[in-house]
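In what follows, a structure is listed as structure tokens, so that the remarks can point back to it.
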Protein chains: 2
Amino acid sequence: MESFQNTQPIYLQIMNLIKKQIATSVFNPGQLLESVRELAMIYQVNPNTVQRALSELEREGLVRSERTVGRYITKDEAAIAQLHQNLVDEATSTYINNVLELHLSPEEIITTVKNRLKGDNT
Amino acid sequence: MESFQNTQPIYLQIMNLIKKQIATSVFNPGQLLESVRELAMIYQVNPNTVQRALSELEREGLVRSERTVGRYITKDEAAIAQLHQNLVDEATSTYINNVLELHLSPEEIITTVKNRLKGDNT
DNA sequence: ATTATTGTATTAGGTGCTTAATACAGTAAT
DNA sequence: ATTACTGTATTAAGCACCTAATACAATAAT
């Protein structure tokens, strides 16, 4: 049960979602993933779209497929730690670039983040 | 002369680009904008794509078109200030949500941002 | 052996985005 | 008046993404 934006390909959004779940141990190393058809039901999308997302994740080495059994999350915990770090770094870089382009000073950026964390505005 | 991602519609990327330029006074209030055909040359895209982006910006009240003269940036400086604030808020919300989902604590978020600002990693 | 599940592949159709090629009406300058 | 520029509109084509409907080979459980 997930909803997706229409401004970005769904298969990319699913990839990012699963990456986050791997990086935060929602899926544990070596764990068997839900089947393509199950995930398609959960996400309310076509099985082909899930297949596309998982194939890309496999190409990146984060999951591997056992042809008639299912898909497993990688056991490589170092790779998972690296994934987590990359996701944090990428998000941070994107954000800092954005607000620098909006002419915020480093001090203003810090206070902006602090204020948002205080207010807990989700 | 701009390059765009292929994961998001170009007209949306152009909208965001122009919004930033309005919010940071690259374009001043009331200023005449480059023509559709000029912008298409600059961005290396089809005039129709620029037209689409500018139409949406007009719908949001940020530019207005003088039918056979050109397009003007809004004179409403309060609206521009509001635009700037909205862009900052939206970027910050998106970022905080992202890193919270990655299980970073508020303290870790602050130090991550500070470190990135120190390192000046663009 | 049969049944249900797995990943994978194929075909067809629909939609949105982008490009290309024109065209038109109105303004400004010569 | 002519010329060159505006925004705007239309048509056709191509492409990526998504869906729907199947199908197949291999595994696991009964």
Side-chain angles (χ1 to χ4, degrees), chain A residues 1-19 21-22 27-75, chain B residues 1-19 21-22 27-75:
Chain A
M1 198 147 346
E2 289 283 341
S3 63
F4 299 100
Q5 302 173 350
N6 52 1
T7 62
Q8 203 186 18
I10 295 174
Y11 79 93
L12 286 179
Q13 298 181 55
I14 292 177
M15 283 181 67
N16 291 330
L17 182 62
I18 295 179
K19 278 185 181 179
Q21 292 174 324
I22 295 176
F27 297 134
N28 291 312
Q31 175 182 339
L32 185 63
L33 202 56
E34 285 96 331
S35 75
V36 168
R37 293 169 180 83
E38 276 180 311
L39 289 176
M41 295 250 316
I42 293 171
Y43 296 148
Q44 301 274 49
V45 297
N46 191 279
N48 296 336
T49 304
V50 174
Q51 169 71 14
R52 170 102 189 244
L54 293 178
S55 295
E56 299 284 342
L57 288 177
E58 193 170 2
R59 205 176 47 77
E60 296 185 12
L62 295 176
V63 303
R64 68 176 198 286
S65 70
E66 208 80 12
R67 183 131 178 73
T68 60
V69 180
R71 272 197 171 83
Y72 294 92
I73 305 296
T74 180
K75 290 177 184 167
Chain B
M1 197 149 344
E2 289 284 341
S3 62
F4 298 101
Q5 302 174 350
N6 51 2
T7 60
Q8 202 185 21
I10 295 175
Y11 80 93
L12 285 179
Q13 298 181 55
I14 291 178
M15 283 182 67
N16 291 332
L17 182 61
I18 295 179
K19 277 185 181 179
Q21 291 174 326
I22 295 175
F27 297 135
N28 292 312
Q31 175 183 338
L32 185 63
L33 202 56
E34 286 97 331
S35 76
V36 168
R37 293 169 179 82
E38 276 181 310
L39 289 174
M41 294 251 316
I42 293 171
Y43 295 148
Q44 301 273 49
V45 298
N46 191 279
N48 297 335
T49 304
V50 173
Q51 169 70 16
R52 171 101 189 245
L54 293 178
S55 296
E56 299 284 342
L57 289 177
E58 193 170 1
R59 206 176 47 76
E60 296 185 12
L62 295 176
V63 303
R64 69 175 198 286
S65 71
E66 207 79 13
R67 184 133 178 70
T68 60
V69 180
R71 273 198 170 84
Y72 294 93
I73 305 297
T74 180
K75 291 177 184 167

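Rounding to the nearest 0.5 Å gives a distance of 12.5 Å between OG1 of B:Thr49 and CD of B:Gln44. Atoms CD and CG, on B:Glu66 and B:Leu33 in that order, are 13.5 Å from each other to the nearest 0.5 Å. For the atom pair CD1 of B:Ile18 and CD of B:Glu34, the computed distance is 8.5 Å after rounding to the nearest 0.5 Å. The line from CZ of A:Phe27 to CD of A:Gln21 is 4.0 Å long, rounded to the nearest 0.5 Å.
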All N/O donor-acceptor pairs, side-chain side in residues 54-62 of chain B, below 3.5 Å, sequence neighbours left out:
from: B:Ser55; atom 1: OG; to: B:Gln51; atom 2: O; distance (Å): 2.8
from: B:Ser55; atom 1: OG; to: B:Gln51; atom 2: NE2; distance (Å): 3.3
from: B:Glu56; atom 1: OE1; to: B:Arg59; atom 2: NE; distance (Å): 3.2
from: B:Glu56; atom 1: OE1; to: B:Arg59; atom 2: NH2; distance (Å): 2.9
from: B:Glu58; atom 1: OE1; to: B:Arg71; atom 2: NH2; distance (Å): 3.4
from: B:Glu58; atom 1: OE2; to: B:Ser65; atom 2: N; distance (Å): 3.3
from: B:Glu58; atom 1: OE2; to: B:Ser65; atom 2: OG; distance (Å): 3.0
from: B:Glu60; atom 1: OE1; to: B:Lys19; atom 2: NZ; distance (Å): 3.1

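No donor-acceptor pair closer than 3.5 Å links the side chain of A:Gln8 to the backbone N or O of A:Gln13.
Within residues 32-39 of chain A, the residues approached by DNA chain C to less than 4.0 Å at the level of any non-hydrogen atom are A:Ser35, A:Val36, A:Arg37, A:Glu38, in residue-number order. A heavy atom closer than 4.0 Å to some atom of DNA chain C occurs in B:Ile10, B:Tyr11, these being the qualifying members of residues 10-19 of chain B. Residues from residues 48-57 of chain B placing a heavy atom under 4.0 Å of any atom in DNA chain D, listed by number, are B:Asn48, B:Gln51.
What you find for B:Ala40 and B:Asn46 is that their closest heavy atoms are CB-C, 4.1 Å. Nearest approach of A:Thr7 to B:Pro9, heavy atoms of both residues: O-CD, 3.3 Å.
No side-chain heavy atom of A:Val45 sits less than 4.5 Å from a side-chain heavy atom of A:Tyr11. With a 4.5 Å cut-off on side-chain heavy atoms, B:Ile73 and B:Asn28 do not count as touching. Looking at heavy atoms from C-beta onward, A:Leu17 lies in side-chain contact with A:Tyr43 at the 4.5 angstrom threshold.
Atom pair A:Asn46:CG and C:dT10:P shows a separation of 16 Å (rounding to whole Å applied). Distance, A:Arg67 CZ to D:dA28 P: 14 Å, rounded to whole Å. Atom CE of B:Met41 is separated from atom P of C:dA20 by 13 Å (rounded to the nearest Å). Atom C1' of nucleotide C:dG7 and atom CZ of A:Arg59 are separated by 18 Å, given to the nearest angstrom. As a whole-Å value, the separation of B:Phe4 CZ from C:dT19 P is 9 Å. Here D:dG7 presents its P atom at 13 Å from CZ of B:Arg64, a figure rounded to the nearest Å.
For the helix from C:dA1-D:dT30 to C:dT30-D:dA1, the rotation axes defined at the first and last 5 base pairs enclose an angle of 10°, given to the nearest 10°.
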List every contact pair, protein side and nucleotides 27-30 of chain C side both N or O, where the distance is under 3.5 Å.
from: C:dT27; atom 1: O4'; to: B:Thr68; atom 2: OG1; distance (Å): 2.7

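Listed pair A:Arg71 / C:dT8 meets the phosphate criterion, a side-chain N or O lying under 4.0 Å from OP1 or OP2.
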